[in-house]
Number of protein chains: 2
Amino acid sequence: MNVTINDIARATGLSTATISKYINHKKIREENRILIEKAIQELGYTPNRNAQLLRAKNTHTIGILISDLGNYFWGELVNSIIKHFTDHGYTVIVCSFFFEHQKEIDTIQDIISQHFDGVIMLPSCWHDDLYQLLQNAGIPIVMLDQIPASMRHFPVDCVISDNYRGGALLAEHLLEKGHTKVWIMEQYLDSYTIEQRIQGFVDVYQKNGIDLLKQQDSFPPVSFASTAETIIQSNLHFQKLIDSSDPPTAVFFDCYLSAMGGLSAASQARISVPQDISFVCFDDDPLFKTMSATMTCVSQDLTSMGKHAVELLLKRIHGDYTDFPKIDMLDVVFHPRCSVKDLSEHNSTASGKD
Amino acid sequence: MNVTINDIARATGLSTATISKYINHKKIREENRILIEKAIQELGYTPNRNAQLLRAKNTHTIGILISDLGNYFWGELVNSIIKHFTDHGYTVIVCSFFFEHQKEIDTIQDIISQHFDGVIMLPSCWHDDLYQLLQNAGIPIVMLDQIPASMRHFPVDCVISDNYRGGALLAEHLLEKGHTKVWIMEQYLDSYTIEQRIQGFVDVYQKNGIDLLKQQDSFPPVSFASTAETIIQSNLHFQKLIDSSDPPTAVFFDCYLSAMGGLSAASQARISVPQDISFVCFDDDPLFKTMSATMTCVSQDLTSMGKHAVELLLKRIHGDYTDFPKIDMLDVVFHPRCSVKDLSEHNSTASGKD
DNA sequence: CTGAAAGCGCTTACAG
DNA sequence: CTGAAAGCGCTTACAG
């Protein structure tokens with residue numbers, strides 16, 4: 001009923017072996033190539049992927065292991081990964097585990113038993129070391145957005161934005177504008193990534209003789225749950241900050257979600273940005289350009305991150321481990337917009353830096 | 001090297017046929033079931049999916065055909081579809097074609113040649129009739145978010161929000177608040193969905209003796225391109241509206257994207273919502289709660305939409321076509337918030353409705 | 001470069 | 001309910 005490689009063999013008078021060679025881009029005689037292409041055209045043949053996968057060692061299938069696609073950023077990232085792998089003839093399967101640890105383990109077992117060629121992981125936290133299961137099974141993997149805590153003992157390839165630099169850029173901007181009292185609105189995420197952003201931010205202030213960590217003391221970080229809950233919690237947290245007797249002149253949001261919480265809280269409290277308080281955020285979003293005070297922020301290039309991850313994983317799949325383990329760090333971009341008030345002319349404590 | 005069904009047959013002294021029956025939940029003797037389960041445990045066997053797929057008719061694979069995952073809403077929707085299909089033991093493959101018509105056709109050919117069990121389509125426009133290719137190949141499909149123009153001649157199952165009702169709810173609210181001069185900010189999308197929203201909105205005004213279409217005359221709809229470009233174009237469009245000699249008191253955004261454009265334009269033009277102008281939007285978004293004037297809007301339940309689509313497709317896959325073609329229409333929810341100014345006390349032209 | 005033949009791991013009539 | 005055997009559509013040494 002369906003057109004198979006046998007039909008093409010029959011139609012051309014060649015053997016299935018030759019047809020197979022053609023399909024797999026191996027050398028065959030020019031006149032045979034023409035014959036085969038004609039037959040494929042006429043009969044409308046497409047290789048049965050399942051048969052190919054069963055027979056061949058590699059499955060040409062890649063898994064994206066991700067907690068939950070419903071996150072804002074991951075759409076663009078996953079999109080980019082799918083696009084680039086598809087261009088290389090791979091099938092991509094998005095494997096979500098919805099933050100359930102057991103389900104993540106099951107999913108990984110599944111991937112192993114199905115002999116995926118490779119996996120791209122978006123770890124949900126710094127201490128997620130499940131990637132080792134994949135490595136032990138001999139499946140190449142690339143981690144995105146996080147350098148796992150177990151990296152030292154179990155090296156792994158990572159593609160990540162320069163989070164430290166991003167935090168530093170934001171701090172420098174705030175200092176230039178004369179902001180010396182800053183609150184860091186931090187989501188507790190067990191995240192190397194977030195830590196680096198904050199470290200970059202804090203270090204710049206430190207170098208200018210200002211200890212932000214001390215200012216931060218009385219305000220514990222927000223604890224993580226679902227996306228929606230994170231916003232609500234960030235919101236509550238932010239209101240406490242505002243109601244304090246000695247509020248800051250600026251807030252640094254460590255990620256998109258904490259910014260949503262802060263924005264929401266400021267809106268409810270009728271606090272104006274940047275008149276009453278200044279905001280900067282790590283991560284950009286279309287919404288940041290639609291607010292009355294467009295948000296000064298640092299953006300990651302998610303499309304590029306996806307591309308880099310695909311290229312690195314492909315390299316490993318092809319057996320090239322010359323630069324393993326590789327930390328591929330991507331530049332971030334600073335976007336000065338309107339959410340920061342310039343205090344430098346009114347305030348003698350402004351940083352001496354230009 | 002790998003554990004196969006033969007190993008289990010050998011270990012238990014049974015035939016592969018019996019193991020296969022166990023795997024496929026067919027009736028086997030109780031004592032054999034115990035034997036098999038023990039052997040599977042001990043040897044760590046998992047069926048080779050590719051072999052199953054090659055041999056069996058159904059591949060237990062579902063495709064989600066979508067233009068581009070990088071859209072805000074689709075993350076949640078795709079997430080929900082993946083979750084529910086995975087729970088039913090299916091593998092889900094996200095097939096993106098990035099708005100390229102030829103690529104969409106190629107992808108569909110791929111799906112057919114790989115014998116997917118079913119497909120969920122998110123058509124990029126009303127006149128996308130490529131679903132017929134799938135139907136002709138005997139692959140069940142469910143359309144989301146759109147009822148295709150060719151529906152009459154080529155019926156197909158659809159799951160869709162009650163867009164007409166959503167538009168009507170927004171119009172009723174605006175009328176209650178005394179808004180009689182309204183601009184509809186419409187993205188040109190070749191979309192039944194969008195048309196229904198606007199129709200619902202316009203009809204309510206019509207019933208109250210107000211012809212919005214006439215007001216709208218001089219302002220052509222925005223034409224569609226990429227997400228980013230849509231925002232920019234909506235933005236320009238909106239500025240024209242504002243600069244007109246006889247501006248409206250309220251704007252109805254037909255979707256999230258046009259709202260982004262309008263919000264951005266209002267921000268740049270230093271126009272305050274709802275003091276200077278009122279906004280309502282079809283579609284909700286977390287950002288709408290973070291603005292200084294939280295957005296009054298109507299929301300769709302995307303998670304539920306995904307679930308309904310999965311259930312309907314599963315029914316078709318199992319051969320139950322008793323209610324074909326089915327239009328499964330989902331309720332929308334109205335969220336009154338702060339972006340609409342109450343004109344009814346100052347304005348004698350307010351609607352008589354309560 | 002080409003072809004004959006074995007086999008990937010499973011399922012499915014068929015006979016018992 | 002169970003087993004022997006064929007076969008799904010392809011790829012891969014191997015010999016020519």
Side-chain angles (χ1 to χ4, degrees), chain A residues 1-37 39-40 43-61 89-91 109-117, chain B residues 1-37 39-40 43-61 89 91 109-117 138:
Chain A
M1 46 180 287
N2 208 45
V3 184
T4 73
I5 201 172
N6 291 301
D7 299 317
I8 305 299
R10 213 170 301 128
T12 56
L14 297 165
S15 72
T16 58
T18 306
I19 316 298
S20 174
K21 270 161 208 145
Y22 168 78
I23 292 167
N24 294 291
H25 307 103
K26 306 236 167 95
K27 278 249 170 306
I28 61 168
R29 204 177 294 161
E30 178 62 10
E31 56 201 81
N32 287 338
R33 196 182 57 70
I34 294 168
L35 265 175
I36 293 171
E37 279 173 359
I40 287 180
L43 300 179
Y45 167 73
T46 35
N48 179 315
R49 179 139 218 165
N50 295 321
Q52 292 180 310
L53 301 190
L54 171 59
R55 196 56 181 73
K57 282 157 213 157
N58 73 350
T59 57
H60 266 250
T61 302
Y90 282 78
T91 296
Q109 300 294 8
D110 249 43
I111 288 173
I112 293 171
S113 84
Q114 289 184 51
H115 298 100
F116 281 19
D117 280 8
Chain B
M1 46 180 290
N2 209 44
V3 184
T4 74
I5 201 172
N6 291 302
D7 298 318
I8 306 298
R10 213 169 301 130
T12 56
L14 296 165
S15 73
T16 59
T18 306
I19 316 299
S20 175
K21 270 162 207 146
Y22 166 79
I23 292 167
N24 294 293
H25 307 104
K26 308 237 165 96
K27 277 253 170 304
I28 61 168
R29 203 177 296 161
E30 177 64 9
E31 56 201 80
N32 287 340
R33 195 182 57 70
I34 294 167
L35 264 176
I36 293 171
E37 279 173 358
I40 287 180
L43 301 181
Y45 167 73
T46 34
N48 179 315
R49 181 138 216 169
N50 294 320
Q52 291 181 312
L53 301 191
L54 170 60
R55 197 57 183 71
K57 281 159 218 157
N58 73 350
T59 57
H60 267 251
T61 302
T91 296
Q109 299 295 9
D110 247 45
I111 289 172
I112 293 171
S113 84
Q114 291 184 48
H115 299 100
F116 282 19
D117 280 9

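Here is the naming used below: chain letters follow the sequence lines, and residue numbers restart at 1 for every chain.
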Sugar-phosphate only, base, or nothing, as touched by Y22(B) at under 4.0 Å among non-hydrogen atoms: nothing
d(CG, N24(B); C1', dG9(C)) in whole Å: 13 Å
Phosphate contact (dG3(D) OP1 or OP2) by T18(B) side-chain N/O below 4.0 Å: yes
Protein-nucleotide distance (L53(B), atom CG; dG9(D), atom C1'), rounded to Å: 13 Å
Least distance between heavy atoms, L54(B) atom then N50(A) atom: N-CB, 3.9 Å
Ranges pairing with ranges for DNA chain D, where each run has three or more Watson-Crick or G-U pairs under 3.5 Å: C:1-3 with D:14-16, C:5-12 with D:5-12, C:14-16 with D:1-3
Nearest-Å distance for atom pair CG/P, residues L35(A) and dC1(C): 17 Å
Rounded interatomic separation in angstrom, taking CG from D7(A) and C1' from dG9(D): 10 Å
Separation of atom CG in N50(A) from atom P in dG9(C), rounded to whole Å: 15 Å
Those residues that, when tested against T16(A), pass side-chain hydrogen bond (donor to acceptor under 3.5 Å, both in side chains) (two or more places apart): none
Among dC1(C), dC10(D), dC1(D), the nucleotide that comes nearest once only the side chain of R29(A) is considered: dC1(C)
Distance below 4.0 Å between T4(A) side-chain N/O and dG9(D) OP1 or OP2: no
Value in whole Å for how far the C1' atom of dG3(C) lies from CD1 of I5(A): 13 Å
K21(B) or N48(B), whichever maps to the more 5' nucleotide of DNA chain C: N48(B)
Side-chain N or O of Q52(B) closer than 4.0 Å to phosphate OP1/OP2 of dT11(C): yes
Residues in salt bridge (Lys or Arg N to Asp or Glu O under 4.0 Å) contact with E31(A), at least two apart in sequence or another chain: none
Using a cutoff of under 3.5 Å, can you pull out all pairs of nitrogen or oxygen atoms linking the protein to nucleotides 5-7 of chain D, with atom names and distances?
unit_1	atom_1	unit_2	atom_2	d
dG7(D)	N2	R55(B)	NE	2.2
dG7(D)	N3	R55(B)	NE	3.1

Minimum-distance nucleotide to L14(A) side chain [options: dC10(D), dG3(C), dG3(D)]: dG3(C)
R29(A)-T18(A) side chain donor-acceptor pair, cut-off 3.5 Å: no
Beyond-backbone contact of I5(B) with Y45(B), side-chain heavy atoms, under 4.5 angstrom: yes
Nearest-angstrom distance from the residue atom CG of N6(A) to C1' of dC10(D): 9 Å
Set of side-chain hydrogen bond (donor to acceptor under 3.5 Å, both in side chains) partners for D7(B), sequence neighbours left out: R10(B)
Student check: side-chain heavy atoms of T4(A) and N48(A) closer than 4.5 Å: no
All pairs passing salt bridge (Lys or Arg N to Asp or Glu O under 4.0 Å) where residues 19-28 of chain A contributes a residue, at least two apart: none
Shortest non-hydrogen contact between A11(A) and L43(A), atoms and distance: CB-CD1, 4.1 Å
Sugar-phosphate, base or nothing in reach of I19(B), heavy atoms under 4.0 Å: nothing
Separation of dC1(C) C1' from I36(A) CD1 (nearest whole Å): 12 Å
Closest to the S15(B) side chain, choosing from dA4(D), dT12(D), dG9(C): dA4(D)
Side chains of D117(B) and T61(B) in contact at under 4.5 Å (non-hydrogen atoms): no
